[in-house]
Every structure is written in structure tokens, then in C-alpha cells.
Amino acid sequence: MKKQKTMVLLLLLLMITPCLRAQKKELSQARSYIKSGKDFDKAEKLMTDLLKKDSANRTNEKIYLTWFQAVTEQYKAANEKLYLKQKYDTAAFFNLTRRLYSIAETLDTLDARPDEKGRVKIRYREDHAEMLDQLRPNLYFGGTYFLRKEELPTAYDFFETYLDAASKPLFTGYDYQEKDKRMPEAAYWASYAGYKMQDAVKTLKYFDWAVKDEERAKFVMQYACEAYNWQKDEQAYLFMLKRGFDNYPDFPYFFPRLVDYYNAKERPDSALYYAEEALEEYPDGQIFLLAKSLALLNLERYDECIKVSEHLIALNDSLPEPYFNIATAKLNQVLALDRRNQPRVYRSQMHKLYAEARPYMEAYRKLAPDEKQKWAPALYRIYLNLNMGKQFEEIDKIMRKL
């Protein structure tokens, strides 16, 4: 049995030795490239090839150190060209910065491993963090560069690297979360990129930072609403709509959707609540008056609906909806009287309501000619009950085509 184990061990050693020799040779070649002051890209390729060839190489610190040196030298050469205003690939320059971050963070993880005795001796963190901290703005500007190019996934990756550095052990002591005033803005652009890609997870990942960007916070909340909607998370969607409305009642996104949500749920009382909340601050806000008018109509508070709608028409007589709401309120009052089954008692009153509804529904027809499904049945009832033969015949033809 002992002899068998010894043979297995010898076989393993025989297999490993050529790999180690090849690894040593490529590391040596890469260092020679770096020392020569040229072919830094070849040195980098040697190291990335080593990492692809054998997964065991992914724990070898020497490979990552050499790789880091190769990319550092490429960065210096590119930076010099930019300084001298010589032609250089801007995208490639920014990508070098991001690669340096990625390599250094992986190396830092390897460097932080305890030795056989459980001791941790971190050797590279301080120097690498100091260097990368100086290059940090390149991540932000790289993100905005790719955003302008509409290369959204790449832009997001840059902002993600920028933001995630705040929680990396490599940058312990830098306190980016507290000291970096650009964090909320970078988080906003990351959220924007995620939103444009319709990726809910990426849109929401940095919400807590992005919403601190006071200038753009309302848009951050809008993107979050859309993301929750994509995820079909109704509770979170509604919560964010309310939060957005509470902070930005006049922003055109939150209020209409909040009201639409409650109208779809047949909860006009809630729609009315938010309309009245907004009207306290904006008493002549047309969108809020319109929402209140519709809520009152749905709550069967017809006289109040008519009053609000008339006020809205006085403010803007080109909006079709207030005319429709007034006419509908009056027609519903007719139905309420009709249900009492006393036609002789209420005939005159019902006729009066039909006559009052007529000009408003005709005005709605004029302002919204394509909304035949709404005005045609109403005008059919009005003309029939007012004995308006010519008008009734015309609307009857329209009804037959619907």
C-alpha cells in the first residue's frame, strides 16, 4: 500500500514539474518584456494566458504582480501620450485603469490569506491603494465617456468599479462613502445605465447612494419605480410612487401613476386623498384638479365633481376631460332619478339634466373626436331623450359602426 502511494506521489510530481517550469519561463519572459521598456502588452498576455491555462495559477500572487506591473507600464505610456497630446485610444486608456483595479483587488484578496500559522501579513495593499486612489477619477470619467458612446454595459461596469471600491478591503481607511462627494453622482449614472438597459437589479443596486444626489433624486426614484414594475413587485412600486410624490408632488411622473394605480384598483377615495394633498400646495394645478374631478365622479359625488370641473374649464377651456366629467355626472344624476321609478315626478328634472349635459358632451366630442366609444353612447342617450331627431340619426349611424 505504501509503495502504491509513493508511486502516485511520484506521478503527480512528474506532472507538476513541467507546468512549474513553463510557468517559471513565462514569468521570466514577461519580466524581461517589462524591463526592456516595451512590449508591455505581450507581458500582460503571457500572464492572462497562464491564468486561462490552469485554474491553479489563479492563486499565484507572482502572476498577478507581474500582470499588474505590465498594465501599470501600459498606463504610464498611455498617460504620457495623452499628456503630450499625441494620438491614443481613449477607450483603451480608461480600460487600463479598470484592469488595474480588478487585478489589484484580486491580488489583495490573495495577499490577505493567512499562512500556515494563521498569520496575515499584507504586503501590497498600501502601495497599490495609494496608486489606485490617484487614478480613481479615471473610473468616473471612463463611465461618463462610455455613457456618451451609448456603450451602457461598459459604462455601468466603470461606475460599479468606482462605487464598489468604497467597500473593498484594499481601500480600507480611505472612507470613500463619507469623503468622496462624487459617490451620489456616480451612483446616479450607474442607476441611469441600468435603467436604460432595462435591468432592474442594476437600476436598484446603488439606489441609496444615488438618491443622495439632490439634483437628480426624482429621476432616481422614477427609475426605481420602473425597476419594481419590471420585477412585478407591486408593494415596492407603490411605496416608491408615494415616496416620489411626497418629495416631488409636481414632478410629472409620480402623481399620474399613483392616481392611475388607485383608479385601476377601484379605490377613488385614495386617488382623491392624493389629489387633495397636492392641491393644498398647488391649488390651481390642472392635473390635480382633473384627478380630483374624476375621483369625485367615481365616488358619485356629482355636484362636487361638476364644481371642480367648472373651475378647471375656467383655468383651461381646451382640456376635454372636464367637459366629459360634467356631462357624465349629469347623466348619472338622471340614472339616479330614473331608479326611483317615479317618471312623472322627475320627468322635468331629468329633461333639464339631459339638456345641461348636452353642450358639455358636444364640447368633449369636438375636443376629442377620436374618443367615439366615450361620447357616442352618451350623445345617443341625450339626443334620444331630448327628441332631437336629426342629431339622433347622425349619432345612430356612428353607433352602428362602433
Side-chain angles (χ1 to χ4, degrees), residues 89-95 97-99 101-102 105 136-168 176-177 180 182-265 267 270-271 274 278 287 291:
D89 186 339
T90 306
F93 173 76
F94 286 129
N95 280 319
T97 303
R98 188 161 168 269
R99 287 214 296 287
Y101 265 76
S102 177
E105 287 167 0
R136 184 171 164 78
N138 288 345
L139 292 175
Y140 176 84
F141 292 115
T144 58
Y145 171 82
F146 286 108
L147 208 57
R148 287 194 298 275
K149 295 282 185 181
E150 296 187 0
E151 295 180 30
L152 298 172
T154 305
Y156 183 89
D157 289 343
F158 270 83
F159 292 122
E160 183 177 47
T161 303
Y162 184 94
L163 293 159
D164 285 356
S167 59
K168 298 288 184 182
Y176 291 132
Q177 290 169 319
D180 184 356
R182 195 176 269 157
M183 291 287 279
E185 194 173 348
Y188 166 76
W189 289 119
S191 299
Y192 173 79
Y195 168 71
K196 294 296 283 183
M197 290 187 284
Q198 295 191 353
D199 186 318
V201 173
K202 289 180 178 178
T203 303
L204 296 168
K205 183 175 180 180
Y206 300 109
F207 175 84
D208 290 338
W209 275 339
V211 81
K212 292 177 184 176
D213 183 347
E214 294 180 6
E215 184 182 345
R216 302 178 179 89
K218 53 182 173 284
F219 298 107
V220 177
M221 293 182 194
Q222 175 183 336
Y223 305 154
C225 285
E226 292 294 315
Y228 288 130
N229 208 15
W230 297 332
Q231 292 178 331
K232 302 191 186 306
D233 188 338
E234 186 176 317
Q235 188 174 357
Y237 172 71
L238 181 59
F239 174 83
M240 193 57 64
L241 278 179
K242 289 178 180 178
R243 180 174 173 179
F245 171 75
D246 288 341
N247 286 278
Y248 308 99
D250 60 334
F251 188 61
Y253 179 86
F254 303 109
F255 179 78
R257 285 162 181 80
L258 194 57
V259 169
D260 285 347
Y261 174 85
Y262 284 118
N263 284 335
K265 295 290 182 181
R267 290 176 55 186
S270 295
Y274 285 104
I287 190 170

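Counting from 1, the numbers follow the sequence of the chain as shown.
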Tell me the closest heavy-atom pair linking Ile287 and Pro256, and the distance in Å. CD1-CG, 3.5 Å

Taking the side chain as every heavy atom from C-beta outward, state whether Phe159 and Phe146 have any pair of such atoms under 4.5 Å apart. no

Looking only at heavy atoms, which two atoms of Met221 and Met240 are closest? And how far apart? O-CG, 3.6 Å

Do Asp164 and Tyr206 get their side chains close enough for a donor-acceptor pair, meaning under 3.5 Å? yes

Side-chain (Thr203) to main-chain (Ala224) donor-acceptor, under 3.5 angstrom: no

Using a cut-off of 6.0 Å, state whether more than 12 heavy atoms not belonging to Lys218 lie near its atom NZ. yes

Spacing of Lys265 atom NZ and Glu234 atom CD [to the nearest 0.5 Å]: 4.0 Å

Are the side chains of Lys212 and Trp209 in contact, using a 4.5 Å heavy-atom criterion? yes

Does some side-chain heavy atom of Ser102 sit less than 4.5 Å from a side-chain heavy atom of Thr161? no

Test side-chain contact (heavy atoms from CB on, under 4.5 Å) applied to Glu151 and Tyr145, step by step: CA-CA 9 Å; Glu151 295 180 30; Tyr145 171 82; over 6 Å; no

Counting only heavy atoms not in Tyr192, do more than 12 fall under 6.0 Å of its OH? no

If you round to the nearest 0.5 Å, how far is CG of Asn95 from CG of Asp89? 8.0 Å

Please work out whether the ring planes of Phe251 and Phe254 are parallel, tilted or perpendicular, with thresholds of 30° and 60°. tilted

Worked verdict on Arg216 versus Glu185 for side-chain contact (heavy atoms from CB on, under 4.5 Å): CA-CA 8 Å; Arg216 302 178 179 89; Glu185 194 173 348; 3.6 Å; yes

Enter the distance from Leu238:CG to Arg243:CZ here, rounded to the nearest 0.5 Å. 14.0 Å

Test side-chain contact (heavy atoms from CB on, under 4.5 Å) on Tyr248 and Gln222; report intermediate values, then the result. CA-CA 11 Å; Tyr248 308 99; Gln222 175 183 336; over 6 Å; no

side-chain contact (heavy atoms from CB on, under 4.5 Å) evaluation trace for Asp250 with Phe255: CA-CA 8 Å; Asp250 60 334; Phe255 179 78; over 6 Å; no

Rounded to the nearest 0.5 Å, what's the gap from CZ on Arg257 to CZ on Phe245? Could you check? 14.5 Å

I want to check something: taking the side chain as every heavy atom from C-beta on, are Tyr188 and Glu215 in contact at a cut-off of under 4.5 Å? no

Quick one: are Leu147 and Tyr156 in side-chain contact, heavy atoms under 4.5 Å? no

Without swapping roles, check the side chain of Asn229 against the backbone of Cys225 for a donor-acceptor pair under 3.5 Å. no

Drop me the distance from Leu204's CG to Tyr195's OH, to the nearest 0.5 angstrom. 12.5 Å

Asp180 versus Tyr162, side-chain donor and acceptor atoms under 3.5 Å: yes

If you round to the nearest 0.5 Å, how far is CG of Leu258 from OH of Tyr237? 8.5 Å

So do Phe93 and Asn138 actually touch side chain to side chain, heavy atoms under 4.5 Å? yes

Looking at Ala210 and Ala187, what are the two nearest heavy atoms and their distance? N-CB, 3.4 Å

Exam field: side chain Arg98 to backbone Phe94, donor-acceptor pair closer than 3.5 Å: no

Minimum heavy-atom distance between Phe141 and Arg182, given as atom pair plus value: CZ-NH2, 3.8 Å

Could you tell me which non-hydrogen atom of Ala200 sits nearest to which non-hydrogen atom of Ala227, and how far apart they are? CB-O, 3.6 Å

